[in-house]
Structure formats: structure tokens, C-alpha cells
Amino acid sequence: FETGDSHNSELFAYKALHKSKLKNQTSIAICALFLLMRIYVNKNNKLKIRNKYNILIKEYKNLEIPKFLNGTELALGYIDGITGNLKNMLNWIQEIDDLNLQASSPFMSMKYVISAFAMVLKKSYIELEVHVEIMLETYLEKRSIFIILFAYIFDSIAKYNIYGMDSAKKSLQKAIDYAKEDTIIMPFVELAPHILPIIKELKKEDEYAKILFPKCERFNEIYSQN
């Protein structure tokens with residue numbers, strides 16, 4: 001999915017979902033449902049998004065673990081981020097202050113990403129710039145590629161709104177340089193409504209940005225209409 005292969009990712013997600021049911025692997029079911037929701041957001045299939053959302057909530061209610069350790073919260077937070085649900089996202093900014101930001105578990109890395117989405121939707125760009133600095137301090141040495149990639153994309157959004165296009169292009173180019181080695185596409189696509197002008201400028205200079213632009217443009221149309 002991260003490389004833009006929606007067809008195979010949808011097939012594999014359904015296979016994982018069915019296997020997880022047979023083996024009572026709730027965490028894998030959550031991951032599969034999360035992936036299917038991302039796929040259907042990108043396909044603009046509202047009926048299937050709602051269906052998977054309802055199943056995910058049902059899974060959530062079956063789990064007897066603390067809310068702050070529940071992966072369902074992360075899945076729904078991310079979906080709220082890419083669909084622009086500001087009302088729900090404001091809770092993430094408040095919750096992140098109560099946690100140890102230096103923790104480097106996969107759970108915490110997703111908390112960073114979702115909190116950054118919240119800051120973007122709130123248009124809290126100075127806060128976002130500082131947040132990104134902490135992300136990079138925590139994950140650059142660990143070579144956590146996806147989180148680093150997200151950090152530079154978020155940094156480009158902050159810098160575009162604070163300092164202007166030139167500064168934003170430098171940050172987004174760093175993200176592109178990380179992404180192109182593995183043909184990663186979706187983090188740019190899902191943040192397209194916030195980076196489209198920067199991608200448009202970079203496609204004049206960078207071949208990979210030229211590949212990203214039409215995909216970002218398409219998602220931006222879906223986002224704007226819905």
C-alpha cells in the first residue's frame with residue numbers, strides 16, 4: 001500500500017483479516033481494518049469506510065486494556081488526520097503532553113505522527129515545527145525511515161506556512177530523498193491537501209516529485225469535495 005499498490009494491498013489485508021479471525025489475533029485484525037480504511041479513503045468509498053469503522057469499533061469494545069495502550073485509538077486517530085476531522089484530532093494534542101515523548105516504541109512513534117496531524121489541522125505551525133524537531137532528535141539515529149519521512153513532510157508544512165516556499169521545498173526534498181529509494185508514495189498522498197503547492201514546485205526539479213504530483217492532486221480533489 002505504501003508504494004501505491006492498492007489492488008494487492010486490499011487483497012492481502014482481507015486475507016490477514018480472515019486469518020486473524022480464525023486465530024483470535026485481535027491486534028492483526030486492527031491492523032488489517034486500519035489498512036482497509038486507508039485504502040477506501042483513497043478510493044473515496046464512503047460505504048466501505050463506514051463498514052470497516054463500525055467493525056473496528058466493535059473490536060475496540062472487546063478489548064479489556066487501557067485506552068492509551070489500545071491500537072484502535074491510533075488507527076482512528078490517523079484516519080481522522082487524513083480526513084481532516086479537526087474536532088477529534090484536538091484530543092490528541094492534549095493527550096500527547098501526558099506521555100513520555102522520548103519513548104521509541106512503535107506505539108509512541110504513531111503518537112508522534114497523529115499529534116502532528118492534529119497540529120496541521122489546528123494550523124498550529126510553530127508548535128508543529130518544534131514537534132518535528134523532537135521527532136527527528138528521537139528517530140534519526142534509529143533510522144526509523146517512515147517516522148523520519150513523516151517528520152520532514154510535516155516540517156515542510158510548518159515551514160511553508162511560517163517562512164515560505166523555499167524553506168518548505170528543502171524539507172520536502174529530504175522526505176522525497178528518503179522515499180524514492182523504496183518508491184514510498186502514500187505518506188505524501190495522504191498529506192497532499194497540505195503539501196500540494198510544494199510538490200507542484202518541486203516537480204519542476206525532481207523526477208520523483210513529478211511522479212508524486214498527479215497522485216497527490218487526485219487525493220486532494222477527494223479531500224476537497226468531501
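Below, all heavy atoms of this structure are taken into account, side chains as well, without hydrogens, waters or symmetry copies. Index from 1, following the sequence. As the structure is a prediction and not an experimental result, all values here were calculated from the model.
Taken together through direct or relayed side-chain contacts under 4.5 Å among Ile, Leu, Val, Met, Phe, Trp and Tyr, I39 and F12 form parts of separate hydrophobic clusters. L11 and M186 are assigned to two separate hydrophobic clusters, defined by single-linkage of ILVMFWY side chains at heavy-atom distances under 4.5 Å.
Partners of E181 by salt bridge (Lys or Arg N to Asp or Glu O under 4.0 Å), not counting sequence neighbours: none found. Legend: residues meeting side-chain contact (heavy atoms from CB on, under 4.5 Å) with D5, ordered by chain and number and at least two apart, are T3, H7, N8. Taking K204 as the reference, E201 meet the salt bridge (Lys or Arg N to Asp or Glu O under 4.0 Å) condition, with sequence neighbours excluded. Scanning for salt bridge (Lys or Arg N to Asp or Glu O under 4.0 Å) contacts around K15 gives an empty result, with sequence neighbours left out.
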Please test R50 against N54 for side chain to side chain contact (heavy atoms under 4.5 Å, CB included), starting from the C-alpha separation and ending with a verdict. CA-CA 6 Å; R50 188 168 288 111; N54 290 334; 3.9 Å; yes
For T138 and M108: C-alpha separation, side-chain torsions, deciding distance, then whether side chain to side chain contact (heavy atoms under 4.5 Å, CB included) applies. CA-CA 11 Å; T138 307; M108 183 52 68; over 6 Å; no
Let's go through Y160 and I195 carefully: what are the C-alpha distance in whole Å and the side-chain angles of both, what is the deciding distance for side chain to side chain contact (heavy atoms under 4.5 Å, CB included) to 0.1 Å, and is it a yes or a no? CA-CA 9 Å; Y160 178 71; I195 62 169; over 6 Å; no
Steps toward side chain to side chain contact (heavy atoms under 4.5 Å, CB included) verdict (V113, F154): CA-CA 9 Å; V113 172; F154 284 123; 4.1 Å; yes
Tell me, with the steps shown, if K159 and D155 meet salt bridge (charged side-chain N to carboxylate O under 4.0 Å, His left out). CA-CA 6 Å; K159 285 182 164 49; D155 193 52; 3.0 Å; yes
May I have the step-by-step check of salt bridge (charged side-chain N to carboxylate O under 4.0 Å, His left out) for E205 and K169, ending in yes or no? CA-CA 10 Å; E205 309 162 14; K169 281 170 61 180; 2.7 Å; yes
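Rounding to the nearest 0.5 Å places NE2 of H131 at 15.5 Å from CD1 of I126. L212 CG to I185 CD1: the interatomic distance, rounded to the nearest 0.5 Å, is 6.0 Å. Distance check: S109 OG to F146 CZ gives 11.0 Å after rounding to the nearest 0.5 Å. With rounding to the nearest 0.5 Å, the separation of CD1 in I153 from CD1 in I199 is 8.0 Å. Distance check: Q225 CD to N44 CG gives 7.0 Å after rounding to the nearest 0.5 Å. To the nearest 0.5 Å, atom CD1 of residue I30 and atom CG of residue L76 are 9.5 Å apart.
At distances below 3.5 Å, at least one donor-acceptor pair connects side-chain atoms of D206 with backbone N or O atoms of Y208. Looking only at distances, no side-chain donor or acceptor of S167 sits under 3.5 Å from a matching main-chain atom of Y163. Between the side chain of S171 and the backbone N or O of A168, no donor-acceptor pair lies under 3.5 Å.
Taking 4.5 Å as the limit, some side-chain heavy atom of D177 sits within range of a side-chain heavy atom of Q173. Within the 4.5 Å cutoff, the side chain of E2 has heavy atoms near those of the R38 side chain. Considering only heavy atoms from C-beta on, F117 comes within 4.5 Å of L191 through its side chain. K46 has its side chain within reach of N226: a pair of non-hydrogen atoms, C-beta onward, lies under 4.5 Å apart.
Of all non-hydrogen atoms in L149 and A179, the two that sit nearest each other are CD1-CB, 3.7 Å. A pairwise comparison of heavy atoms in M165 and P197 identifies CE-O, 3.6 Å as the closest pair. Across all non-hydrogen atoms, the minimal contact from I28 to A16 is CG2-O, 4.1 Å. Considering every non-hydrogen atom in both I157 and N161, the closest pair reads O-ND2, 2.8 Å. Looking at every heavy atom in both residues, Y223 comes nearest to G84 through OH-CA, 3.3 Å. Closest of all the heavy-atom pairs between K43 and E10 is NZ-OE1, 2.6 Å.
For residues 34-58, the set of pairs meeting the ring pair (Phe, Tyr, Trp, His ring centres under 6.0 Å) definition, not counting sequence neighbours, comprises F34-Y78.
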Check residues 215-222 and write down every donor-acceptor pair under 3.5 Å in which the side-chain atom is one partner and the other belongs to a residue at least two apart or another chain.
unit_1, atom_1, unit_2, atom_2, d
R218, NH1, N42, O, 3.0
R218, NH2, N42, O, 3.4

